[in-house]
2 protein chains.
Amino acid sequence: MAWAGLSWLVDVCFTLEACGMTRSHRREIELGDAELEILKALWETGPATVREVMNRLRETSGRELAYTTVQTTLTRLEKKGCVTSRKAADSGQAHVFRAKVSRERISQSRLRALLEQLYDGSAAPLVVQLMETERFTPDEIVQLQSLIERLDDVAVNKKKKGKGG
Amino acid sequence: MAWAGLSWLVDVCFTLEACGMTRSHRREIELGDAELEILKALWETGPATVREVMNRLRETSGRELAYTTVQTTLTRLEKKGCVTSRKAADSGQAHVFRAKVSRERISQSRLRALLEQLYDGSAAPLVVQLMETERFTPDEIVQLQSLIERLDDVAVNKKKKGKGG
DNA sequence: GCTGTCCTCCGACAGATGTAGTAGATTGCC
DNA sequence: GGCAATCTACTACATCTGTCGGAGGACAGC
């Protein structure tokens with residue numbers, strides 16, 4: 001399972017938060033579906049050429065895109081600052097593209113937009129909705145439980161601080 | 001607060017689930033940002049005319065849109081099956097628009113898309129991300145805790161049922 | 001050196017979306 | 001009956017996105 005632990009994600013999220021990137025930006029990055037799909041392929045493969053991304057799409061999603069379609073999309077992603085490209089000696093003259101934004105960053109950007117658009121920024125309804133409509137494995141439920149406890153601790157600490165200090 | 005309880009949302013979600021609408025549809029409804037904003041206004045006002053929606057947008061978001069812009073968007077929403085319109089006796093000749101899809105439905109559709117696009121359909125990472133990066137009030141945390149317990153119960157019951165027949 | 005292959009760059013085009021103007025019907029009022 | 005306000009319907013247009021083709025450069029093999 002990709003669920004060896006939530007910690008990696010938790011860490012990433014904390015990092016983002018530490019960078020002050022969690023609030024205030026309504027919509028940092030706007031990506032279409034195809035762009036996102038290709039970016040996802042790039043996350044999964046790691047740095048890759050146009051052809052590698054194209055193959056990856058075919059193999060994993062059965063998606064048949066023209067070489068130039070992938071290329072155009074990668075170029076647009078580069079223009080948006082989501083990927084970088086450079087020439088690598090070991091890949092002929094083909095450019096190697098590398099994702100510059102993380103999956104979590106995109107995820108957060110989209111979630112934020114969703115929150116603003118649907119619930120005036122309040123996150124709880126979305127969490128509820130996710131928990132109610134999606135399936136979770138028992139393991140995941142345990143993980144979520146511990147996360148909530150952690151949230152709870154933070155809340156309690158804050159309250160203490162607020163009172164005592 | 002709008003958080004008198006989560007139960008309404010929970011109910012809606014269960015209803016959706018009962019309708020078999022929770023999985024399998026990749027992308028039922030595609031809405032742009034402006035469309036969503038106007039649909040949101042309609043959720044908030046209840047059935048309303050073009051002008052009322054327009055005013056609502058100005059008052060709540062400071063959004064200044066031309067009358068016809070709102071109208072066009074509402075018409076497009078109607079074509080997409082998200083709203084209905086009819087002539088009401090008490091509103092002159094103006095059509096009264098009414099939201100036909102719920103906020104939760106849209107929310108779910110978008111969340112689902114996000115899940116598929118980013119995490120191959122696995123919901124847990126999104127929940128984690130939301131819980132880590134967004135703020136929750138102590139009350140909300142309590143609510144979430146009880147939800148998790150409920151999830152936990154369901155999981156346990158399933159296990160029992162699976163065993164017992 | 002020619003040819004085939006692969007790559008990059010550029011241009012193209014259709015559909016969706018955001019935004020709005022205009023024409024013509026309807027209605028209230030003098 | 002005519003004018004002003006308001007509404008609907010239609011049209012328009014720029015931008016973004018998805019998708020791709022063709023021109024031309026680089027390189028491997030004959």
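Every value quoted in this text rests on a predicted model; they were computed, and no experiment measured them. FYI, side chains are in, hydrogens and waters are out, and symmetry mates aren't considered; it's all heavy atoms of this structure. So you know, we letter chains A, B, ... as the sequences are listed, proteins then strands, and number each from 1.
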Of all the heavy-atom pairs spanning E37(A) and S61(A), show the shortest one and how long it is.
OE2-OG, 3.9 Å

Would V101(B) and L39(B) satisfy side chain to side chain contact (heavy atoms under 4.5 Å, CB included), going step by step from the backbone distance to the final call?
CA-CA 9 Å; V101(B) 297; L39(B) 183 54; 4.0 Å; yes

Whole angstroms only, please: what is the [atom1]-[atom2] distance between [X] and [N]?
{"X": "K87(B)", "N": "dC7(D)", "atom1": "NZ", "atom2": "C1'", "answer": "8 Å"}
{"X": "M54(A)", "N": "dT5(C)", "atom1": "CE", "atom2": "C1'", "answer": "14 Å"}
{"X": "I29(B)", "N": "dA16(C)", "atom1": "CD1", "atom2": "P", "answer": "16 Å"}

Are Y67(A) and dC7(C) close enough that a side-chain N or O sits under 4.0 Å from OP1 or OP2?
yes

Report yes or no: do V142(B) and L130(B) belong to one cluster of Ile/Leu/Val/Met/Phe/Trp/Tyr joined by side chain heavy-atom distances under 4.5 Å?
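They do not share one cluster, since no chain of ILVMFWY contacts under 4.5 Å joins V142(B) to L130(B).
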
Side chain to side chain contact (heavy atoms under 4.5 Å, CB included) between L114(B) and Y119(B): does it pass, once the steps are laid out?
CA-CA 8 Å; L114(B) 205 56; Y119(B) 297 106; over 6 Å; no

Exactly one of T45(A), V50(A), T49(A), T84(A) clears side chain to side chain contact (heavy atoms under 4.5 Å, CB included) with F97(A), and that residue is V50(A)

So which nucleotide from dA9(D), dC9(C), dC7(C) ends up closest to the side chain of H95(B)?
dA9(D)

Consider the side chain of E30(A), meaning its heavy atoms from C-beta on, and name the nucleotide among dT17(D), dG21(D), dT8(D) that approaches it most closely.
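Among dT17(D), dG21(D), dT8(D), the one nearest the side chain of E30(A) is dT17(D).
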
Which residue, L31(A) or R51(B), contacts DNA chain D at a nucleotide closer to its 5' end, judged by nearest heavy atom?
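Residue closer to the 5' terminus by nearest nucleotide: R51(B).
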
Indicate whether any N or O donor in one side chain lies under 3.5 Å from an N or O acceptor in the other, for S85(A) and E78(A).
yes

Ionic contact status for E134(B) with R112(A), cut-off 4.0 Å
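Salt bridge flag = yes for E134(B) with R112(A).
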
Salt bridge E35(B)-R76(B), side-chain N to carboxylate O under 4.0 Å:
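Not counted as a salt bridge, because no side-chain N and carboxylate O are separated by less than 4.0 Å.
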
Tell me, do H95(A) and L74(A) make a side-chain contact under 4.5 Å, heavy atoms counted?
no

When you compare the side chain of M131(A) with that of I148(B), does any pair of heavy atoms fall below 4.5 Å?
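With C-beta onward as the side chain, the pair touches.
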
So which of R51(B), E52(B), R58(B) actually passes side chain to side chain donor-acceptor pair (under 3.5 Å) with N55(B)?
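That would be R58(B); it is the only one of R51(B), E52(B), R58(B) passing the side chain to side chain donor-acceptor pair (under 3.5 Å) with N55(B).
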
Quick one: what's the B/S/- string for nucleotides 24-30 of chain D, heavy-atom cutoff under 4.0 Å, read 5' to 3'?
-B-----

Scan residues 34-46 of chain B against DNA chain C and write down, sorted by residue number, each residue with any heavy atom closer than 4.0 Å; if none is found, say none.
A34(B), E35(B)

Scan residues 69-82 of chain B against DNA chain C and write down, sorted by residue number, each residue with any heavy atom closer than 4.0 Å; if none is found, say none.
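Heavy-atom cutoff 4.0 Å gives T69(B), T72(B), T73(B), R76(B), K80(B).
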
On DNA chain C, more 5' by nearest nucleotide between R63(B) and F97(A) is F97(A)

